[in-house]
Amino acid sequence: MIIYSVEYTLKSPLLISKPEVGNVIRNSYEYLPGSTIRGAMLKELLDRGIQHIKEESRNPTIIFHQAFPLDDNNRTYKPSHPFIYECKICKSIKKVNPYDICSYDDIKPQLFCEKGHPYTLKSLGGKLLIESNGKVLKYKPRYTILESVGINRITGSSEINLLYSYVALEPYMRFKGLIVVNNDKIDLKNEFNNDSIFIGKGISRGFGEVNVRFEEINYDKKRDELYKLINNKEQKVILKALSPLFNITYNDNGLITTNVFNFENLKNFGSLKSTLTISTGSTKVSGFSLISNTQKIELNALKEGSLLYFTSSNIKNHIDLLMDIELNGIGLFACSGFNIVEVI
């Protein structure tokens, strides 16, 4: 296993959008989805004639995590859990420690902000934040607006009423995320380090050029960091969703998506028992087929920032399992950046 910390720097406006109707196309994500990164890199490797790419598409072994934005001090904005609140009036922040929650009965309404304003608190669950020295910094993406005229391919002239506006992320924004390689057949660092890939929509219009820089992470060092984090957790550990979370099962009507995970069937969780799931909301995820040029099926999922609670007689005994979960995700589709979590 090779763990890479990958930094992505936008060299041109970036547009990753969900299907939209109309002539205004907006960027839909504040981060770079793992599924988009995976598609861009595998397509580029396929175009370069690299061996084993078709096999990787059929039997995925590389896990592409989301890439979250960096601030000027190289700190990473990540999805907030649901127990950070902001006052709508004074913008003060109130926090509740997720480890103080043992059951749904422990979730109490937050009636007053830190300055006493009643009924003005809203949860920041799922929002991209940096928590530093007791302060909370909210992510404010920078956008640029560009316009393009639709051209008739037959006449070579502009089409009437086909003026498109694009609301895209500004160049020079930076993002960082993990890529976990579980095989020795594809050398991503050698192929892409300090090189450019093209991500998202509008590539033919000059959008989506992204510089990629790889840095290998020592497994033992990362394991030691995780051990220090869980050292005082004793009998409870919480996983926070860094991506949409969903599980696929089936009933008499066919395949369905559910927010309920049967962890014992997904991995060898042993005595690590799932006790509680607290959601920041629900979202829909879908893909796009380059072969059929159509959108793939939409799936219902828990939003980023949702919390999964687990108990055990001794959490520290599960350090290797928790490492595997953080790096390789849980359940299906982790290779595409879904079902990615971190221990908090």
Side-chain angles (χ1 to χ4, degrees), residues 18 28-38 63-69 76-85 95-99 101 104 107 123-131 136 138-139 175-180 226 229-230 233 236-249 257-263 265-267 269 272-287 298-311 315 318 321-344:
K18 298 177 181 178
S28 302
Y29 298 91
E30 294 183 338
Y31 56 81
L32 306 186
S35 56
T36 304
I37 297 171
R38 179 177 188 266
I63 310 298
F64 292 85
H65 289 226
Q66 325 291 72
F68 293 105
T76 305
Y77 291 92
K78 288 189 176 181
S80 166
H81 61 73
F83 300 117
I84 296 180
Y85 304 89
K95 302 180 185 179
V96 175
N97 187 345
Y99 278 90
I101 306 297
Y104 293 114
I107 304 175
S123 172
L124 296 179
K127 302 293 185 182
L128 297 186
L129 306 176
I130 292 176
E131 295 185 63
V136 171
K138 293 197 297 181
Y139 175 56
F175 300 79
K176 180 175 283 189
L178 296 181
I179 296 179
V180 181
L226 179 59
L229 180 62
I230 67 172
K233 303 302 184 188
K236 183 195 298 184
V237 68
I238 302 175
L239 304 181
K240 181 178 71 174
L242 297 181
S243 71
L245 285 180
F246 62 89
N247 188 25
I248 289 185
T249 184
T257 56
T258 174
N259 298 331
V260 178
F261 287 86
N262 185 345
F263 291 97
N265 290 341
L266 292 174
K267 288 180 179 288
F269 271 63
L272 196 61
K273 182 181 178 182
S274 174
T275 59
L276 198 62
T277 299
I278 300 177
S279 168
T280 57
S282 62
T283 186
K284 293 183 181 293
V285 298
S286 65
E298 276 193 337
L299 305 173
N300 294 312
L302 295 177
K303 282 183 65 175
E304 301 89 334
S306 298
L307 299 178
L308 306 176
Y309 284 68
F310 295 88
T311 59
I315 292 297
H318 298 282
L321 172 61
L322 292 172
M323 272 290 290
D324 180 52
I325 292 172
E326 274 205 347
L327 295 176
N328 292 309
I330 55 176
L332 299 171
F333 303 109
C335 62
S336 294
F338 300 117
N339 295 338
I340 301 296
V341 296
E342 70 173 1
V343 177
I344 62 171

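- In terms of modelled atom types and a separation under 3.5 Å, the side chain of T280 and the main chain of E304 share a donor-acceptor contact.
- In this structure, T283 and K303 approach most closely via the heavy-atom pair CB-CG, 3.8 Å.
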Could you check T277 against L245 for side chain to side chain contact (heavy atoms under 4.5 Å, CB included), going step by step and ending with a plain yes or no? CA-CA 11 Å; T277 299; L245 285 180; over 6 Å; no

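- Between the side chain of S279 and the main chain of S306, no donor-acceptor pair closer than 3.5 Å is present.
- The side chain to side chain donor-acceptor pair (under 3.5 Å) test applied to K78 returns E342, not counting sequence neighbours.
- Interatomic distance, CD1 of I179 versus CZ of F64, reported as 5.0 Å (0.5 Å rounding).
- Atoms OG and CG, on S80 and L124 in that order, are 5.5 Å from each other to the nearest 0.5 Å.
- Note that CD1 of I278 and CD1 of I238 are 7.5 Å apart. Values are rounded to the nearest 0.5 Å.
- Between E30 and P69 the shortest side-chain heavy-atom distance does not fall below 4.5 Å.
- Here the CD1-CG distance, from I315 to L229, works out to 11.5 Å after rounding to the nearest 0.5 Å.
- Annotation: ring-ring contact (aromatic ring centres under 6.0 Å, His included) contacts of Y85 (sequence neighbours excluded): none.
- Remark: the backbone N or O of K176 is not paired with any side-chain donor or acceptor of H65 at under 3.5 angstrom.
- Counting heavy atoms from C-beta outward, I344 and L307 have side chains that approach closer than 4.5 Å.
- Side chain of N339 to main chain of I330: a donor-acceptor pair is present (N/O by atom type, distance under 3.5 Å, no hydrogens or angles).
- Annotation: the span from L308 atom CG to L302 atom CG amounts to 7.5 Å, rounded to 0.5 Å.
- A cation-pi contact, defined as under 6.0 Å to the ring centre and within 45° of the axis, links K233 to Y99.
- Across all their heavy atoms, F338 and S35 have their closest contact at CZ-OG, 4.1 Å.
- Residues passing the side-chain contact (heavy atoms from CB on, under 4.5 Å) test with Q66, sequence neighbours excluded: Y31, F68, S243, P244.
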Would I63 and I340 satisfy side chain to side chain contact (heavy atoms under 4.5 Å, CB included), going step by step from the backbone distance to the final call? CA-CA 9 Å; I63 310 298; I340 301 296; 4.0 Å; yes

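- When the side-chain contact (heavy atoms from CB on, under 4.5 Å) test is applied to K95, the partners found at least two apart in sequence or on another chain are I84, I93, E131, V136.
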Between L322 and L239, is a side chain to side chain contact (heavy atoms under 4.5 Å, CB included) present by the stated rule, with each step listed? CA-CA 9 Å; L322 292 172; L239 304 181; 4.2 Å; yes

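- Sparse packing is recorded around NZ of K127, with 12 or fewer heavy atoms of other residues, nucleotides or ligands lying under 6.0 Å away.
- The minimum heavy-atom distance linking A334 with G329 is given by the pair CB-CA, 4.0 Å.
- Annotation: ring-ring contact (aromatic ring centres under 6.0 Å, His included) contacts of Y309 (sequence neighbours excluded): none.
- Here F175 contributes atom CZ and T76 contributes atom OG1; the two are 11.5 Å apart, rounded to the nearest 0.5 Å.
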